[in-house]
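Accompanying notes for the structure given below.
Side-chain atoms are counted along with the backbone in the values below, which use heavy atoms only and exclude waters and symmetry mates. Keep in mind it's a predicted model, so treat the numbers as computed, not measured. Chain A is the first sequence line, chain B the second, and so forth, proteins listed ahead of strands; every chain is numbered from 1.
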Amino acid sequence: MVENAASATGPSIATRIGKLDLPAPTLMGSGCYGSGEEYAPFVDLAGIGGIVLKSVTRFPRLGNAPPRLVATPSGLLNAIGLQNPGIDAYLENDVAKFAERPCAVIGSVAGFSVDDYAYVTERLAARDEIDAIELNISCPNVGSEGETFACDPGLAEQATRAARRVTAKTLIVKLSPNVTDIAAIARVVEAAGADALAVVNTVRGMAIDVETAKPRLGNTTGGLSGAAIRPIAVLAVWEVARAVKIPIVGQGGIENARDALEFILAGASAVSIGTGNFTDPRAPQTVADGLRSYLAERRIASLRDVVGKANPGFAGVR
Amino acid sequence: MVENAASATGPSIATRIGKLDLPAPTLMGSGCYGSGEEYAPFVDLAGIGGIVLKSVTRFPRLGNAPPRLVATPSGLLNAIGLQNPGIDAYLENDVAKFAERPCAVIGSVAGFSVDDYAYVTERLAARDEIDAIELNISCPNVGSEGETFACDPGLAEQATRAARRVTAKTLIVKLSPNVTDIAAIARVVEAAGADALAVVNTVRGMAIDVETAKPRLGNTTGGLSGAAIRPIAVLAVWEVARAVKIPIVGQGGIENARDALEFILAGASAVSIGTGNFTDPRAPQTVADGLRSYLAERRIASLRDVVGKANPGFAGVR
Amino acid sequence: MPALETSPAIHRTVVSDRREPAPGISVVGLYAPRLAGATRPGQFAMVVPPGGERAATALGIYEAQGDRISLMLVAVGPRTRELATLPLGAQLDLFGPLGNGFDLAALGDEVALVAGGVGLASLLLPARELLARGARVYLFYGARTAGALVDADLFAELGARVYVATDDGTLGWAGYVTDLLRETAMHFSGIAACGPSPMLRAVARVAADLGVRAQLSLEETFACGVGACWGCVVGLSRESAQAPRFPAPAPGETRDYVHARICKEGPVFWAHELRW
Amino acid sequence: MPALETSPAIHRTVVSDRREPAPGISVVGLYAPRLAGATRPGQFAMVVPPGGERAATALGIYEAQGDRISLMLVAVGPRTRELATLPLGAQLDLFGPLGNGFDLAALGDEVALVAGGVGLASLLLPARELLARGARVYLFYGARTAGALVDADLFAELGARVYVATDDGTLGWAGYVTDLLRETAMHFSGIAACGPSPMLRAVARVAADLGVRAQLSLEETFACGVGACWGCVVGLSRESAQAPRFPAPAPGETRDYVHARICKEGPVFWAHELRW
Ligand SMILES: Cc1cc2nc3c(=O)[nH]c(=O)nc-3n(C[C@H](O)[C@H](O)[C@H](O)COP(=O)(O)OP(=O)(O)OC[C@H]3O[C@@H](n4cnc5c(N)ncnc54)[C@H](O)[C@@H]3O)c2cc1C
Ligand SMILES: Cc1cc2nc3c(=O)[nH]c(=O)nc-3n(C[C@H](O)[C@H](O)[C@H](O)COP(=O)(O)OP(=O)(O)OC[C@H]3O[C@@H](n4cnc5c(N)ncnc54)[C@H](O)[C@@H]3O)c2cc1C
Ligand SMILES: Cc1cc2nc3c(=O)[nH]c(=O)nc-3n(C[C@H](O)[C@H](O)[C@H](O)COP(=O)(O)O)c2cc1C
Ligand SMILES: Cc1cc2nc3c(=O)[nH]c(=O)nc-3n(C[C@H](O)[C@H](O)[C@H](O)COP(=O)(O)O)c2cc1C
Ligand code: FES
Ligand code: FES
């Protein structure tokens, strides 16, 4: 990670997620941004907070059969199924090049057992190119296995504890919206040692092709992202922010600064842009610029001053 | 309820929900269609399957403070808060006029205790103008009280059993999508005596006004409906259809026949149109006409032949 | 306001003409013969979004003459942006006329019309009808800046006296139009106003201070527009003739107001009867 | 296909001209000087939706000459409908050129181009370049009905021999264009095809039967269009030069193919290397 030059004048949009100081509060969502190089022709990566890499698993995965994407009203259904080369090949072939990224690089770890999470986290976190780890315990696209962790307080706790034990780097745990009480899960994960929470992963959904009378996705069901889920995601952040004292990375349908501010005012210390990049690759820049103007117009010195401002029950970040 | 003349020629879109024979599978969603008269200038009520009335409670309710609506991407957040005159005044002043409706009239009952559900159901179901009862155990707009019933198997069961005990009319129980495993709730409610399931009510969400740094809804949080949630609702029907053998009324973002067919192919015997009427009051007609053409083009005699056709695990309707 | 007798319907209209009198503000003319004949001052229509997937949009009926109506709109979000870019000849479905308009008879013969921004859209038909029956009409018209004060000349040509205010002082009174209304210290037999909520609250205060009764046309996010969803409510005195019937307050209920639907019981209410 | 060297960028373009050669089919001309110069045959662009809230739309680059490109599109859903109604002078942002185009050198000098519907959009630039270097070009062009066979004359004027087929028999061969291709029993040195998936599968079969190698430009729902999301994959032989590097199959993995990204490794693939 190369440090961005902080702007000498104007409001600061810097933030802190665990031990990670970010010059901008904009992370790029796991699975949506590759490792950054795909988007480098369109946006200055030095202006973004960080990239969350595509989730990696213990063994290589071919991923789900296509089709893997369906466009829905203001949303996107995906069922990629964690296609990745597996941690061995990943460490050997891919990780070295992440050193060149002019922003934070956050590894994402997915698994099918508590042991998977510990194993992959330990190996990935050991690499200098990786600034932090996000624990994807909420992928809805691998049968019910992945999802189960974030929907069950006991499993969520175990996976978090297992990963915590093997790294001192910032540990972000990614929660699922497919629960009745996300605050309860958040509390357990905080207690198990997470440094931050990513809120939220995709909402489970599906679409049917009425011509063929078959599900549109090769995997039958998928995860819904994009503007359609923003109201669901904002509420999830709102509720989690009242329950924990670790920072939140808000996400779900963010395309511009107004969207990002909904999450920040609800209590998120940073945001993540996934599907928004598919609408317009300039989104990271648009969001950062818009946040700066918002603060400047109101003569607010720092983004930190507005975190949780709309949420009377916001517990504050420790 | 006045019987509709069944079309002598062409495919049948008739369906059956519990003891209720419907000439068209299109119900109008509770809270979205008033009692029908508001929409009578725009659509022939004789062409629709039935109207689910606005939920009524034991006591009068002023409802939530405005604003109660927010437009979101392809969706609508609402937090009406069950404004209604209470069951006494309702029976005295409103119910008589429902006799004139040329379609089925389904009463909707909301409550804050198991006893509420029994009390209001008994009184409402006793009236001849009411053809069936829908139990709204999934309203997200009255603190957490209403929602709790549909998110807790024990409470869902008790409410259903209590209502079942006091009426022999068709009992439809309306489920919430705000759970991890909707099939589990569906099974419990079926076992408790429901004749049918309405799947699903709104998804919890919220929106924040970044200018004022305050929630947009008077009630802070609300329920998300409309096209945005359709993928979530289709999946809920898909999963419930594999778990129970009672008919399902699919709903969430239906605007046209293709949308309705997604639910029907997933396993719904009927559909409900709520927010779709706000887009275009002709939606009930558009859906019914489109369903007839779909069947006609494929030379399928009856809508019943396509219920669950995309869902290999569909358990069939008893 | 007295319930109107016009009966609403769905109309398939065609964009017949359009102009953009100021950046972001459009006046869209529609060929809509039946609607043009049926509309009363202060009524609105719900415009079906051409692409679906959104609720219909409530818009005041600005002009209604011959076989044509027009809508005046500011492009603020996805729906109004879509409407603002409709090409000539495009088909547009809408339903209406809806709501109870202004009670012009109750306003007397010295009427102040107060418009904030495109709130003007709901005041042209009232102006015309008031002037036609011989009343004197004073239009108080406020906007952000001079360029956004569109169509003031149209009202002047009809015979209204026009007083303008701009937030930035680029034309007329520098400041709020409601302050201008207060400062003129003229005598009015009645006030009718349409505009953003903060402006209408100010009109209500000024009217109370001047001892004049005011009719306010309220704006709120609508879903159905026809009274079916109870989404667009405002607090209204139980004593109001427009209050929906609510036979008995709930046990323990101490609030002396009810929630009235803006789309159905309104959109025009007597300022002094609102509890907001 | 060999990876191309053109480097993609975001372009702010302006609608310079438009025509609707058949109902529902539009050709939208865009002033886009840098893009016009950089595009190679078979590449596509991602169009940023003017209203946001949807993923960008993948569209083949149809024409690219001077300072102008054009897109040919069928209005099938919300995004393409929005693009089909853009007025002249409207601004449109897009990023590209993207993907690897056709490997024209590998097609030889007797080339069959097979187009299904607006699949034609990806075949004009190849036709032009092939003809320019002296190859003979045979366009096999199929559509639902005669009216939907747009721009066939344009190819004929360039010097291609054009064979048409319609599903309903209103023009040319009655039936599938791929059956026509088989029936002509001509000799080709190579085939390049673009169109709906079932047609491309048929092209693959015919090509195999005729013993000719075919390059297929695939369509799939895209999200990113730049290889970042792995959403647009197709099964591809591990032996293919286009196969993404996947060092070792997972334990127990018996499948001999990998999932290649259509937007990045494609959109053009050798038919015989696909595992679909
Ligand atoms: C009875 C009635 C009559 C109306 N008549 C007119 C009329 O004649 N002309 C007209 O232009 N509008 C009128 N409106 C308002 C109009 O219905 C809304 O502005 C419209 O629904 C906005 O839809 P949208 O999808 O474009 O924006 P939305 O998606 O609903 O809103 C987009 C964003 O813009 C903001 N916003 C909404 N409205 C405004 C506004 N007026 N000014 C600034 N920001 C705003 C919202 O807070 C939101 O952030 C009327 C409303 C009612 C209830
Ligand atoms: C590399 C590439 C190049 C392409 N080039 C072109 C091109 O040059 N011109 C062009 O018109 N399209 C092209 N497409 C297809 C185009 O991207 C899609 O049709 C477009 O994304 C549809 O977006 P939408 O929002 O309008 O419809 P969606 O909302 O995505 O789809 C709406 C409905 O239409 C159906 N549908 C989708 N596509 C079609 C279709 N082609 N025919 C019939 N029904 C359909 C869907 O099943 C859905 O029910 C290309 C695609 C790719 C991947
Ligand atoms: C195509 C696609 C692939 C994704 N892959 C992953 C993944 O591998 N790991 C993960 O944690 N989240 C993954 N996500 C979830 C996103 O990171 C993000 O949390 C979610 O989409 C909500 O945010 P958005 O609406 O901004 O996209 C994926 C999302 C999409 C759309
Ligand atoms: C404004 C509004 C009010 C509603 N009120 C009720 C209600 O009183 N009782 C109920 O069971 N559901 C209520 N609902 C939920 C709808 O009946 C329906 O289940 C839900 O909106 C999903 O379907 P849709 O997307 O077609 O609207 C309401 C929905 C809306 C939008
Ligand atoms: S908008 Fe539905 S009652 Fe007014
Ligand atoms: S669309 Fe994202 S990898 Fe191809």
Which region of F222(D), side chain (C-beta onward) or backbone (N, CA, C, O), has a non-hydrogen atom less than 4.5 Å from a non-hydrogen atom of chain A, or is it both or neither?
backbone
Could you check whether any side-chain N or O of E255(A) sits under 3.5 Å from a backbone N or O of E53(D), counting only pairs where one atom can act as donor and the other as acceptor?
yes
Restricting to non-hydrogen atoms, name the atom on P66(A) and the atom on E220(D) that form the minimum distance, rounded to 0.1 Å.
CB-OE2, 4.3 Å
Where does Y33(A) contact chain D at under 4.5 Å (heavy atoms): side chain, backbone, both or neither?
backbone
I need the minimum non-hydrogen distance between A71(A) and R79(D), along with the two atoms involved.
CB-NH2, 3.8 Å
With side chains defined as the heavy atoms from C-beta onward, is the minimum distance between N277(A) and C224(D) less than 4.5 Å?
no
Could you check which of T221(D), I10(D), V48(D) has the highest count of heavy-atom pairs closer than 4.5 Å to chain A?
I10(D)
Is it the side chain or the backbone of S74(A) that comes within 4.5 Å of chain D heavy atoms, both, or neither?
both
Pairwise side-chain contact, P8(D) with P41(A), heavy-atom cut-off 4.5 Å (strictly under):
yes
Best-contacting candidate, V234(D), D93(D), V47(D), against chain A by heavy atom pairs under 4.5 angstrom:
D93(D)
So what's closer than 4.5 Å to chain A heavy atoms on L98(D): side chain, backbone, both or neither?
side chain
May I ask you to name which of A227(A), G274(A), P281(A) has the most heavy-atom pairs under 4.5 Å with chain D?
P281(A)
Where is the tightest heavy-atom contact between L76(A) and A223(D), given as atom of each residue plus distance?
CD2-CB, 3.9 Å
Give a yes or no on whether the backbone of W230(D) and the side-chain of R68(A) come within a donor-acceptor separation of less than 3.5 Å.
yes
Do F95(D) and D280(A) have side-chain heavy atoms sitting under 4.5 Å apart?
no
Using non-hydrogen atoms only, which part of A79(A) is less than 4.5 Å away from chain D: side chain, backbone, both, or neither?
neither
Distance-only, no hydrogens or angles: does the T279(A) side chain make a donor-acceptor pair with backbone N or O of G52(D) under 3.5 Å?
no
